[in-house]
K.L.:
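Could you have a look at this structure, given as structure tokens, before my questions?
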Amino acid sequence: MLYPFKEIEEKWQKLWQEKKSFKAEVSDRPKFYCLEMFPYPSGKIHMGHVRNYTISDVHSRYKWMQGFQVLHPMGFDAFGQPAENAAIKNKSKPGLWTRKCIDWMKEELKKMGFSYDWDRELSTCDSSYYKWNQWIFLKMFERGLAYRGKSNVNWCPSCETTLANEEVIDEGCWRCHEKVQQKELEQWFLKITEYKERLLEDLKQLAHWPQRVIAMQTNWIGKSQGVEIYFRLKDSDKVIPVFTTRPDTIFGATYVVLAPEHPLVKELIRGKPREKEIREFIEKVSRESKIARAASDVKKEGIFTGSYAINPVNNESIPVWIADYVLMEYGTGAIMAVPTHDQRDFIFAREHNLPMRIVIGRIDNSRTQEPQELNEAYEGEGIQVNSGQFDGLPNQEAKIKIAQWMEKEGTGKIQTHWRLRDWLISRQRYWGTPIPIIYCRQCGVVPVAYGDLPVKLPEDAPFTGEGGSPLGKVKEFVNTPCPKCKAPARRETDTMATFFDSSWYFLRFCSPQSKDSPFDIGEAKYWMPVDQYIGGIEHAILHLLYSRFFTKFFKDLGMIGFDEPFTRLLTQGMVLKDGEVMSKSRGNIVDPDSIIKQYGADTLRLFILFAAPPETELEWDDRGIEGAFKFLNRVWRIQENLKEKADPQLIKALHRAIKKITEDFEGFKFNTAIAGLMELVNAIYQFGADKAVFSQLLIMLSPIAPHFCEELWQGLGNAQSILKANWPKYDPSLLVEENITIVIQVNGKVRGTIAVNKDISEDKLKEACLNDEAVKKWLKDSAVKKIVVVPGKLVNIVV
RNA sequence: GGGCGGAUGGCGGAAUUGGCAUACGCGGCAGCCUUAGGAGCUGCUGGGGAAACCCUCGGAGGUUCAAAUCCUCUUCCGCCCACCA
């Protein structure tokens with residue numbers, strides 16, 4: 001007979017809701033804040049959600065049972081483009097569509113039996129939430145951290161909006177993959193670069209984050225030390241600053257290259273004989289996509305400007321070129337080229353017959369090479385040559401000496417460069433937080449007064465899907481008096497990037513009803529920081545970096561006292577089917593709802609944890625889910641045959657299991673924890689369980705299969721929820737075996753085993769091993785050289 | 001090109017961190033039970049071999065009494081970043 005999962009799950013979900021079993025309240029108990037990355041309400045949950053939220057849920061329930069006061073909230077990241085696309089398609093409104101999706105999704109989440117405190121639910125599209133986005137924006141504006149700038153922005157012609165650098169993937173829009181164009185617009189930026197040192201430095205505090213996330217953030221921030229070197233133009237007082245991380249190669253700089261967009265270019269080429277040709281070249285490059293420009297196998301194109309610069313260390317005249325491989329966005333938009341020691345420069349120099357000079361000699365090669373002998377640039381370590389007074393120094397040492405010397409001479413300046421750019425948050429979109437700014441002819445850019453917040457998003461903007469922001473077409477929204485002079489003025493019609501919304505929601509969860517501030521300072525002091533954060537690796541850079549930035553900003557406002565929002569981070573792996581990521585386009589989706597209908601949520605939870613460790617990819621297997629269901633049925637049948645008193649052997653097995661399973665829960669090794677539970681169940685089938693052993697099994701299984709265990713727990717006569725039960729503790733004395741099995745090896749190969757008392761002396765053990773019948777035949781003709789004894793484990797006889 | 005992570009039976013995956021490779025499950029095989037259910041229970045199940053034994057953790061070397069685990073070289077796969085000066 002199969003256990004009646006449908007009735008059981010409905011029954012307990014209802015009871016949990018009625019009793020508010022997962023209500024998080026400030027108390028004397030130690031707190032534990034367990035958070036998963038909240039979903040975008042697309043309407044349906046997918047296996048990725050199921051996996052993410054099951055991991056969090058098991059961890060939360062485990063912490064409850066360990067006596068923690070747990071905060072485990074859920075909400076919806078509800079602003080964003082899909083709602084607008086759906087509204088256009090269905091001739092509906094984004095708000096209506098989104099709220100319907102939220103309702104559907106909540107139903108599905110509830111069917112999974114997740115232990116959320118639903119009283120804390122929030123949606124970022126509610127004005128009670130986004131009001132505080134606007135408040136935060138104004139605070140940043142006051143401090144100069146939100147600013148307006150003219151900028152060449154990434155423009156997606158399909159979505160008709162700008163994109164952050166971070167949202168451009170392989171030169172396409174991150175959402176629709178349409179090729180991104182460049183367009184100059186007035187935009188709002190957040191000055192995240194102001195926090196770059198702290199964002200980098202504080203990564204050291206994150207001892208419990210995955211190494212690779214730390215590495216990705218470090219690379220994204222991209223700190224690099226080097227020297228800014230000043231190349232004076234020949235016959236001019238103009239200077240080209242150049243950034244390099246390799247000042248040790250300065251004596252080998254044989255030409256200078258400017259990015260085509262470099263501000264000096266126009267002036268440099270004016271009146272030169274090939275001016276027209278150069279202009280055409282620049283035109284051509286600017287039309288090229290960044291993909292083509294970035295492809296390393298593509299020939300590096302360039303053109304001589306006709307001007308020369310002076311290498312400040314040796315006063316040589318070297319030509320100034322323009323080339324597509326130099327980027328305006330990085331460094332100073334100009335480089336010094338050292339073809340012998342930089343592969344890109346090498347290719348370019350060979351292509352255009354530019355001079356080369358070796359300045360770093362290979363350590364392993366005594367013969368000095370000539371540049372024409374080179375097949376590629378030498379980028380490794382070496383000894384300085386052709387470098388004036390620095391000849392003979394190891395280049396690492398010369399790097400520092402040359403930098404210091406140049407700084408003293410005034411020809412260069414030691415500098416640090418960063419890859420991190422300011423964060424563009426303006427979106428020419430409707431379904432987002434309105435930016436609380438008013439433009440007045442008289443007063444200019446005027447912030448909305450705090451008292452006038454929220455600037456509400458009008459719910460009935462026209463949706464045609466054509467051109468520009470629908471907000472701009474709502475006259476009642478756009479036209480407003482200037483807060484300062486009361487003259488007619490216009491509102492900003494751009495909205496905020498949705499990453500803004502998700503950069504502080506974890507703080508809002510501490511006090512979601514708070515009416516006077518984004519979050520209650522006392523509540524946040526109790527609950528924050530988040531003890532365990534769980535989500536997908538795809539957010540390793542953006543969301544986590546922005547959240548860290550906001551946290552530091554709140555600290556600067558004096559609202560919180562810590563630097564980092566997420567103490568521990570777990571990034572779960574993707575769910576695959578037939579070796580590929582589950583996705584609609586591949587048509588390999590397994591719908592969680594159909595699995596729940598067929599086997600119940602407990603089986604789904606059990607399987608998804610058992611199939612793989614949380615961090616690795618998980619291959620979906622329809623037969624595996626049957627196995628999980630079979631296991632629960634096997635546990636179900638135990639209640640029919642309970643004994644009066646359990647066998648001592650089973651008690652030992654139980655305590656071994658408690659130790660293993662507890663350790664595995666601590667380390668998020670749910671797959672082996674479940675294996676441990678299965679072993680315990682196998683032992684129960686062998687020896688027969690009593691009520692006490694069965695109870696302990698249920699407690700340990702309950703975070704994984706909560707409805708199922710509540711039902712059996714109640715069946716054992718318990719009036720209270722199993723969540724209130726204490727997590728079992730093992731008795732170490734029961735783990736010690738009087739007689740242990742020792743492995744006997746001869747020359748490292750297993751030749752037998754021997755059962756001995758645990759306290760046997762080493763000599764006696766050696767003797768017993770040498771006299772073992774199975775071992776003797778391996779020893780007969782050889783002399784024993786050495787015997788290695790690993791206490792309690794094995795004996796290795798070397799002959 | 002750079003960074004990170006992988007590779008273990010027919011499959012998903014274990015291995016106390018250098019100490020019995022393949023726990024647990026799936027699949028397969030056999031038996032039992034049967035009011036024949038796609039149920040349940042009990043065994044067996046890495047490869048070769050009649051056996052004694054031998055071989056096996058992507059491949060090749062090395063360190064060690066002992067290697068899936070440490071070192072060197074190498075092949076393949078995944079993710080992220082990328083003319084970053």
Side-chain angles (χ1 to χ4, degrees), chain A residues 1-2 169-170 210-216 218-220 222 224 226-227 229 242-246 249 257 259 290 293-298 300 323-327 329-338 342-345 347-348 379 417-419 537-538 540-541 573-574 576 579 581 606-607 610-613 615-628 630-631 633-634 637 659-660 663 669 671-679 681-682 685-686 741-753 777 785-799:
Chain A
M1 200 189 77
L2 303 178
I169 294 153
D170 285 341
Q211 266 311 304
R212 64 174 181 147
V213 176
I214 302 273
M216 282 159 83
T218 306
N219 290 341
W220 194 261
S224 68
V227 181
I229 297 176
V242 150
F243 179 70
T244 182
T245 53
R246 295 289 305 272
T249 64
V257 192
K290 264 196 215 156
R293 266 183 86 173
S296 48
D297 49 339
V298 156
K300 301 187 188 322
D324 56 359
Y325 76 99
V326 176
L327 307 176
E329 301 89 81
Y330 189 80
T332 60
I335 62 155
M336 65 174 205
V338 186
D342 182 292
Q343 186 60 18
R344 294 156 301 176
D345 298 341
I347 293 170
F348 190 79
E379 297 180 340
H417 271 249
W418 303 77
R419 217 192 75 112
I537 188 72
E538 66 272 22
I541 299 175
M574 293 186 167
L576 312 181
V581 177
L606 178 68
F607 170 70
F610 183 54
E615 290 99 334
T616 61
E617 289 174 340
L618 184 151
E619 176 69 30
W620 181 265
D621 181 5
D622 288 325
R623 285 183 306 214
I625 190 112
E626 294 249 15
K630 259 161 81 176
F631 172 70
N633 278 296
R634 205 165 142 81
R637 283 189 297 272
K659 179 171 191 285
K660 180 191 168 47
E663 283 166 6
K669 292 155 115 185
N671 55 333
T672 52
I674 292 167
L677 288 163
M678 286 171 168
E679 278 178 279
V681 169
N682 290 345
Y685 269 72
Q686 194 183 341
T741 305
I742 300 286
V743 172
I744 311 173
Q745 295 183 334
V746 179
N747 286 343
K749 297 213 175 197
V750 179
R751 296 305 182 188
T753 56
K777 70 185 225 201
K785 271 197 217 159
K786 186 176 166 187
I787 300 178
V788 180
V789 178
V790 181
K793 273 183 187 153
L794 66 80
V795 173
N796 189 10
I797 304 166
V798 187
V799 297

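Everything quoted here is computed from the prediction, not taken from an experiment. Naming convention: chains lettered A, B, ... in sequence-line order (proteins, then strands); numbering from 1 in each chain.
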K.L.:
Need one value for A/V790: base, sugar-phosphate or nothing, where a base atom within 4.0 Å counts as base even if backbone is also close, heavy atoms only.
P.N.:
base
K.L.:
Calculate the interatomic distance between A/Y330 atom OH and B/C83 atom P; express it in whole Å.
P.N.:
11 Å
K.L.:
On RNA chain B, nearest-nucleotide positions of A/G676 versus A/T741: which is more 5'?
P.N.:
A/T741
K.L.:
Taking CG from A/D345 and P from B/C83, how many angstroms apart are they, rounded to a whole number?
P.N.:
15 Å
K.L.:
For B/A60, give the paired nucleotide (Watson-Crick: N1-N3 plus N6-O4 or O6-N4; G-U: N1-O2 and O6-N3; both under 3.5 Å), or none.
P.N.:
B/U72
K.L.:
When you measure from the side chain of A/E679, which nucleotide among B/G19, B/C80, B/A23 comes out closest?
P.N.:
B/A23
K.L.:
Does any nucleotide pair with B/C24 by Watson-Crick or G-U wobble geometry, both distances under 3.5 Å, and what is it?
P.N.:
B/G12
K.L.:
Below the 4.0 Å mark, does B/C55 have OP1 or OP2 next to a side-chain nitrogen or oxygen of A/K749?
P.N.:
yes
K.L.:
Does B/A30 have a Watson-Crick or wobble mate here (both distances under 3.5 Å), and if so which one?
P.N.:
B/U42
K.L.:
Relative to the ring of A/F243, is the ring of A/Y330 parallel (under 30°), tilted (30 to 60°) or perpendicular (over 60°)?
P.N.:
perpendicular
K.L.:
Could you tell me how far apart A/E379 (CD) and B/A85 (P) are, to the nearest whole angstrom?
P.N.:
11 Å
K.L.:
Using the side-chain heavy atoms of A/K793, tell me which of these nucleotides is nearest: B/U16, B/G12, B/C81.
P.N.:
B/U16
K.L.:
With respect to the phosphate group of B/A15, does any side-chain polar atom (N or O) of A/K660 fall under 4.0 Å of OP1 or OP2?
P.N.:
no
K.L.:
How close or far is atom P of B/C11 from atom CG of A/L618, stated in whole angstroms?
P.N.:
17 Å
K.L.:
Checking A/E626 against A/K630 for the salt bridge (charged side-chain N to carboxylate O under 4.0 Å, His left out) test, could you report, in this order, the C-alpha distance in whole Å, the side-chain angles of both residues, the deciding distance, and whether it holds?
P.N.:
CA-CA 6 Å; A/E626 294 249 15; A/K630 259 161 81 176; over 6 Å; no
K.L.:
Using the P atoms only, state how far B/U72 lies from B/U22, rounded to an integer number of Å.
P.N.:
29 Å
K.L.:
Can you check whether A/N682 has a side-chain N or O nearer than 4.0 Å to OP1 or OP2 of B/G25?
P.N.:
yes
K.L.:
Determine if the base of B/G10 is syn or anti; take syn to mean the glycosidic torsion is within 90° of 0.
P.N.:
anti
K.L.:
Verify the contact: side-chain N or O of A/R637 to OP1 or OP2 of B/C41, cut-off strictly under 4.0 Å; return yes or no.
P.N.:
yes
K.L.:
Rounded to whole Å, how long is the line connecting atom CD of A/E538 with atom P of B/C79?
P.N.:
13 Å
K.L.:
Would you mind pulling out the nucleotide paired to B/G18, Watson-Crick or G-U wobble, both distances under 3.5 Å?
P.N.:
none
K.L.:
With rounding to whole Å, what would you report as the distance between B/A23 and B/U8 at their C1' atoms?
P.N.:
13 Å
K.L.:
Closest approach to the side chain of A/K630, judged atom by atom: which nucleotide of B/C24, B/C26, B/C20 is it?
P.N.:
B/C26
K.L.:
What is the distance, rounded to the nearest whole Å, between atom CZ of A/R751 and atom C1' of B/A52?
P.N.:
12 Å
K.L.:
Can you check whether A/V799's main-chain N or O pairs, donor with acceptor, with A/N747's side chain at less than 3.5 Å?
P.N.:
yes
K.L.:
Given the C1' atoms of B/G27 and B/C79, what is the spacing between them in whole Å?
P.N.:
31 Å
K.L.:
For a quick check of understanding: with a heavy-atom distance under 4.0 Å over all strands, which category does A/Q745 fall into, base, sugar-phosphate or nothing?
P.N.:
base
K.L.:
Side-chain N or O of A/R344 less than 4.0 angstrom from OP1 or OP2 on B/G1?
P.N.:
no
K.L.:
To the side chain of A/K669, which of B/A15, B/U42, B/A85 is closest?
P.N.:
B/A15
K.L.:
With sugar-phosphate meaning primed atoms plus P, OP1 and OP2, does A/F631 contact a base, only sugar-phosphate, or nothing at under 4.0 Å between heavy atoms?
P.N.:
nothing
K.L.:
Taking side-chain contact (heavy atoms from CB on, under 4.5 Å) as the criterion, tell me which of A/V257, A/I335, A/T249 meets it with A/D345.
P.N.:
A/I335
K.L.:
Any strand counts, and the cut-off is 3.5 Å on both contacts for Watson-Crick or G-U wobble. Which nucleotide pairs with B/A82?
P.N.:
none
K.L.:
With a 6.0 Å cut-off (strictly less than), is the heavy-atom count around CE of A/M574, excluding the residue itself, greater than 12?
P.N.:
no
K.L.:
Should A/R419 be listed as having a side-chain N or O under 4.0 Å from OP1 or OP2 of B/A82?
P.N.:
yes
K.L.:
Side chain of A/N633, backbone of A/L2: donor and acceptor closer than 3.5 Å?
P.N.:
no
K.L.:
Between the main-chain N or O of A/R634 and the side-chain N or O of A/Y685, is there a donor-acceptor pair closer than 3.5 Å?
P.N.:
yes
K.L.:
How would you label the contact of A/V750 with the nucleic acid (heavy atoms, under 4.0 Å): base, sugar-phosphate, or nothing?
P.N.:
sugar-phosphate
K.L.:
B/G78 C1' sits how many Å from A/R212 CZ, rounded?
P.N.:
9 Å
K.L.:
Please work out if A/K659 contacts a base, only the sugar-phosphate, or nothing of the nucleic acid, heavy-atom cut-off 4.0 Å.
P.N.:
nothing
K.L.:
Could you identify the nucleotide paired to B/A50, looking across every strand shown and requiring Watson-Crick or G-U wobble geometry with both distances under 3.5 Å?
P.N.:
none
K.L.:
Under 4.0 Å, heavy atoms only, any strand: does A/P613 hit a base, just the sugar-phosphate, or nothing?
P.N.:
sugar-phosphate
K.L.:
Between B/G12, B/G3, B/C81, which one does the side chain of A/F610 approach most closely?
P.N.:
B/G12
K.L.:
Which part of the nucleic acid does A/G627 contact within heavy-atom distance under 4.0 Å: base, sugar-phosphate only, or nothing?
P.N.:
sugar-phosphate
K.L.:
Between B/C73 and B/C11, how far apart are the C1' atoms? Round to whole Å, please.
P.N.:
32 Å
K.L.:
Between the main-chain N or O of A/L794 and the side-chain N or O of A/Q745, is there a donor-acceptor pair closer than 3.5 Å?
P.N.:
no
K.L.:
May I ask you to say what A/N671 touches in the nucleic acid, namely base, sugar-phosphate or nothing, with a heavy-atom cut-off under 4.0 Å?
P.N.:
sugar-phosphate
K.L.:
From B/C80, B/C24, B/G78, pick the nucleotide closest to the side chain of A/E617?
P.N.:
B/G78
